[in-house]
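Before any comments, here is the structure.
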Amino acid sequence: MTYKLLFVCLGNICRSPSAENIMNYLIEQRGLEGKIICDSAGTSSYHIGASPDRRMQAAAARRGIKLVGQARQFAPSDFETFDLILAMDRSNYRDIVRLDRENRYEDKVRLMCDFASQHRDREVPDPYYGGEAGFDHVINLLLDACDGLLEDVLK
Ligand code: 4NP
């Protein structure tokens, strides 16, 4: 059986593609390919089809992680497709559950930072309008949260 994870942010060019690719990196390290499947999406349509942001790619590369993928928008059908949907911040969380018209999938939607153990952040901050340090922080926070998430999924 495969467990399906969907990471969601606003644009699907910074935080959620990083989470997706970091998770795949950890899955590969553990030899769990095929057991857990990852995807990412944005709540907005702003960047549909775009590659991950260059500044985000650079921050990921500093930790040895390559970012691949093209942005897509979150769709209500994702509630059925995925076992767990990880929102990067509370605004993403609200935008996702708003699309769950009959409140059937709330248990599948969680905040990414709930799985972090080394950081006290409650949200993955939007790095888009900030400097390089913000992008590095996103990668460090996501490495922590993805570690915790992987442990949780394996339980
Ligand atoms: P993301 O970052 O949600 O982590 O992909 C952003 C990307 C684009 C914008 C905002 C946040 N934007 O306003 O275009």
Side-chain angles (χ1 to χ4, degrees), residues 3-28 36-101 105-150 152-153:
Y3 196 79
K4 298 199 179 90
L5 298 171
L6 181 67
F7 301 95
V8 180
C9 61
L10 177 64
N12 194 211
I13 54 169
C14 294
R15 294 165 293 174
S16 63
S18 297
E20 175 192 355
N21 284 278
I22 287 171
M23 199 66 184
N24 278 331
Y25 171 85
L26 297 179
I27 287 166
E28 202 173 305
I36 305 168
I37 286 177
C38 303
D39 191 10
S40 65
T43 56
S44 77
S45 61
Y46 306 158
H47 299 277
I48 291 174
S51 296
D53 185 285
R54 286 185 182 285
R55 300 163 296 169
M56 199 73 253
Q57 288 191 42
R62 288 194 278 278
R63 301 301 301 270
I65 294 157
K66 187 174 163 60
L67 300 185
V68 296
Q70 271 82 47
R72 72 167 178 94
Q73 189 170 18
F74 180 86
S77 59
D78 289 322
F79 286 122
E80 267 306 316
T81 307
F82 292 90
D83 297 296
L84 197 58
I85 297 166
L86 290 310
M88 296 299 126
D89 64 30
R90 292 189 182 94
S91 160
N92 307 145
Y93 182 93
R94 281 192 299 272
D95 290 339
I96 295 163
V97 297
R98 193 177 297 132
L99 294 170
D100 176 18
R101 302 261 179 226
Y105 303 105
E106 212 175 317
D107 291 349
K108 286 192 177 188
V109 190
R110 299 283 303 274
L111 275 173
M112 188 64 188
C113 282
D114 289 355
F115 297 94
S117 62
Q118 309 300 311
H119 291 77
R120 302 191 62 178
D121 305 58
R122 298 325 306 147
E123 304 181 283
V124 183
D126 181 349
Y128 196 70
Y129 293 105
E132 197 173 82
F135 289 88
D136 286 327
H137 178 63
V138 166
I139 296 295
N140 290 333
L141 179 54
L142 288 174
L143 278 163
D144 178 10
C146 283
D147 238 350
L149 175 61
L150 184 55
D152 197 84
V153 169

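Reckoned from all heavy atoms, side chains included, excluding hydrogens, waters and symmetry mates. Bear in mind the structure is a predicted one, so any value in this text is a computation, not a measurement. Read the numbers this way: they start at 1 and go in the same order the structure lists the ligands and their atoms.
- Across Leu26, Ile27, Asn24, a single residue satisfies side-chain contact (heavy atoms from CB on, under 4.5 Å) together with Ile36, and that is Ile27.
- Taking His137 as the reference, Asp121 meet the side-chain hydrogen bond (donor to acceptor under 3.5 Å, both in side chains) condition, with sequence neighbours excluded.
- Within the structure, salt bridge (charged side-chain N to carboxylate O under 4.0 Å, His left out) contacts touching residues 8-18 (residues at least two apart or in different chains) are Arg15-Asp89.
- If you look at ligand 1, the protein residues with a non-hydrogen atom under 4.0 Å away are Cys9, Leu10, Gly11, Asn12, Ile13, Cys14, Arg15, Tyr46, His47, Asp126, Tyr128, Tyr129.
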Report task. Please lay out, stage by stage, how Phe79 and Phe74 fare under the test ring pair (Phe, Tyr, Trp, His ring centres under 6.0 Å). Result -> CA-CA 9 Å; Phe79 286 122; Phe74 180 86; 5.2 Å; yes

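- With sequence neighbours excluded, no residue forms a salt bridge (Lys or Arg N to Asp or Glu O under 4.0 Å) with Arg54.
- Using a cut-off of 4.0 Å between Lys/Arg side-chain N and Asp/Glu carboxylate O, Arg72 and Asp78 are scored as salt-bridged.
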